[in-house]
Amino acid sequence: MSQQPGRYQRSFSGMIGAMLVLLLVVGAFIAFRGMFRTDSEVPVRAVDYQRTLSFAQEQVDFPILAPETLPGGWRATSVRFVPEPPRWHLGVLTDEDRYIGLEQSRSSEKKMVETYVDRDAARGEPVRAAGDTWQTWTDEEGDTALTRVEDDVTVLVVGTPGIEVLVDYVETLR
C-alpha cells in the first residue's frame with residue numbers, strides 16, 4: 001500500500017466541466033419544480049384604519065379625512081400617519097380590486113401631484129364633489145386624481161378606477 005493519498009487531475013477545464021454539470025442539475029431542478037408548482041395568489045390583507053385615524057385626528061390642527069365606512073366589497077389595505085410634518089395616507093381597493101389612495105398634507109398641490117400622480121400630469125376640468133370644487137389630473141398610465149386645497153392643507157385622491165368612482169369616494173369622506 002502506498003502512503004500517499006489518491007490524486008486526481010486538477011485543471012481549469014475540469015473545474016469548468018464540474019460547474020456545467022452542477023448548473024445543469026440546478027436548472028433541471030428549477031424546471032421540474034416550475035412544472036409542478038401551483039402559485040396561489042397571496043390575498044391583500046385588509047387593515048383597520050379607524051384607530052390610526054382617531055390618533056391622527058388628535059395630533060393635527062386640521063380635519064383628517066376618511067370614509068366613515070367603506071362600500072361593500074371595498075377594503076382598506078394601507079394606512080399611515082406621519083406627525084411631523086403631518087401627512088395622512090389611506091389606501092383602499094374597490095370591489096373590482098382597483099386602487100384608490102387618499103393623501104393629505106400641508107404640501108403644495110403641485111408637489112402632491114408630482115409625488116402621487118406624475119411629474120407630467122395633465123390638469124383637467126374641475127368637478128364638484130361633496131359640495132366643493134376639486135381639480136382633476138390625469139397621467140399617461142391611466143391614473144386619475146382629484147385635488148383640493150383648503151387652509152394650506154392639500155387633499156389628493158388618486159386611483160385607477162376612473163373619475164366617477166373617485167367622485168363617489170370623495171362623497172364618503174368626513
Side-chain angles (χ1 to χ4, degrees), residues 33-34 37-174:
R33 188 169 173 234
R37 184 177 184 172
T38 57
D39 285 333
S40 59
E41 282 192 33
V42 177
V44 177
R45 233 181 65 221
V47 298
D48 179 14
Y49 65 92
Q50 295 294 342
R51 286 181 49 180
T52 307
L53 173 63
S54 295
F55 176 76
Q57 289 170 332
E58 294 170 0
Q59 302 300 310
V60 296
D61 61 347
F62 57 86
I64 298 286
L65 300 177
E68 287 181 25
T69 60
L70 292 171
W74 290 38
R75 60 200 182 279
T77 57
S78 59
V79 61
R80 235 178 352 269
F81 172 69
V82 177
E84 245 351 277
R87 290 190 322 260
W88 166 251
H89 160 81
L90 177 62
V92 300
L93 286 178
T94 69
D95 55 350
E96 296 178 353
D97 284 339
R98 306 292 295 233
Y99 176 78
I100 297 177
L102 167 64
E103 309 294 337
Q104 196 172 355
S105 79
R106 291 198 184 275
S107 294
S108 70
E109 180 181 39
K110 180 180 189 235
K111 183 174 180 169
M112 297 269 290
V113 169
E114 287 177 354
T115 302
Y116 298 108
V117 184
D118 194 313
R119 284 193 171 293
D120 299 320
R123 185 181 197 111
E125 293 295 319
V127 296
R128 295 285 294 171
D132 294 310
T133 301
W134 292 72
Q135 181 59 54
T136 62
W137 302 87
T138 56
D139 70 3
E140 291 181 4
E141 285 79 38
D143 292 330
T144 302
L146 304 175
T147 58
R148 178 176 62 97
V149 180
E150 187 175 311
D151 298 328
D152 291 332
V153 176
T154 303
V155 180
L156 179 138
V157 176
V158 62
T160 57
I163 192 89
E164 301 83 18
V165 176
L166 293 181
V167 168
D168 289 344
Y169 180 71
V170 165
E171 297 280 346
T172 69
L173 300 178
R174 305 282 177 258

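For the single chain, residues carry numbers from 1 onward in sequence order. Just so we're clear, the structure is a prediction, and the values are computed from it rather than from any experiment.
- Of the possible polar contacts, none joining the Gln104 side chain to the Leu90 backbone as a donor-acceptor pair under 3.5 Å is found.
- Lys111 pairs by the salt bridge (Lys or Arg N to Asp or Glu O under 4.0 Å) definition with nothing, not counting sequence neighbours.
- Here CG of Leu156 is found 8.5 Å from CD of Glu109. Values are rounded to the nearest 0.5 Å.
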Give every donor-acceptor pair under 3.5 Å between a side-chain atom in residues 160-170 and any protein atom, sequence neighbours left out.
{"from": "Thr160", "atom 1": "OG1", "to": "Arg98", "atom 2": "NE", "distance (Å)": "3.3"}

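- If you take NZ on Lys110 and CH2 on Trp137, they are separated by 9.5 Å, rounding to the nearest 0.5 Å.
- In this structure, the side chains of Trp88 and Val155 stay at 4.5 Å or more apart for every pair of heavy atoms.
- Atom-to-atom distance recorded for Leu146:CG and Ile100:CD1 is 9.5 Å, nearest 0.5 angstrom.
- Side-chain contact between Pro126 and Thr133: present, with at least one pair of heavy atoms (C-beta onward) separated by less than 4.5 Å.
- Proximity of Pro83 to Phe55: side-chain heavy atoms (C-beta onward) are nowhere separated by under 4.5 Å.
- Here the closest heavy-atom approach between residue Leu53 and residue Ala66 is recorded as CD2-CB, 3.7 Å.
- Glu141 has its side chain within reach of Asp118: a pair of non-hydrogen atoms, C-beta onward, lies under 4.5 Å apart.
- Listed by first and then second residue, the salt bridge (charged side-chain N to carboxylate O under 4.0 Å, His left out) pairs involving residues 61-82 are Asp61-Arg106, Glu68-Arg174, Arg75-Asp97 (not counting sequence neighbours).
- When each of Leu65, Leu173, Thr147 is checked for a side-chain contact (heavy atoms from CB on, under 4.5 Å) with Val157, only Leu173 meets the rule.
- In this structure a side-chain-to-backbone donor-acceptor pair under 3.5 Å is missing from Arg51 to Ser54.
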Inset, instruction - Go through Tyr99 and Asp143 one step at a time and tell me if the side-chain contact (heavy atoms from CB on, under 4.5 Å) criterion holds. - result: CA-CA 10 Å; Tyr99 176 78; Asp143 292 330; over 6 Å; no

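- Side-chain contact between His89 and Ser78 is present, with at least one heavy-atom pair separated by less than 4.5 Å.
- Between Leu93 and Val44 there is a side-chain heavy-atom pair separated by less than 4.5 Å.
- Under the 4.5 Å side-chain criterion, counting only non-hydrogen atoms from C-beta, Phe81 is not in contact with Arg87.
- In this structure, the separation between CG on Asp139 and OH on Tyr116 is 15.5 Å, given to the nearest 0.5 Å.
- Listed for the Asp151 side chain is no donor-acceptor partner under 3.5 Å among the backbone atoms of Val153.
- In this structure, the side chain of Trp134 does not engage the main chain of Val127 through any donor-acceptor pair within 3.5 Å.
- Two residues are said to be in side-chain contact when any heavy atoms from C-beta on lie closer than 4.5 Å; Arg148 and Gln135 fail this criterion.
- Annotation: the span from Glu114 atom CD to Asp120 atom CG amounts to 8.5 Å, rounded to 0.5 Å.
- Thr77 contributes no side-chain N or O that, together with a main-chain N or O of Ala46, makes up a donor-acceptor pair within less than 3.5 Å.
- In terms of heavy atoms, Pro86 sits closest to Val60 at CB-CG1, 3.5 Å.
- Closest heavy-atom contact between Ala76 and Val92: CA-CG1, 3.9 Å.
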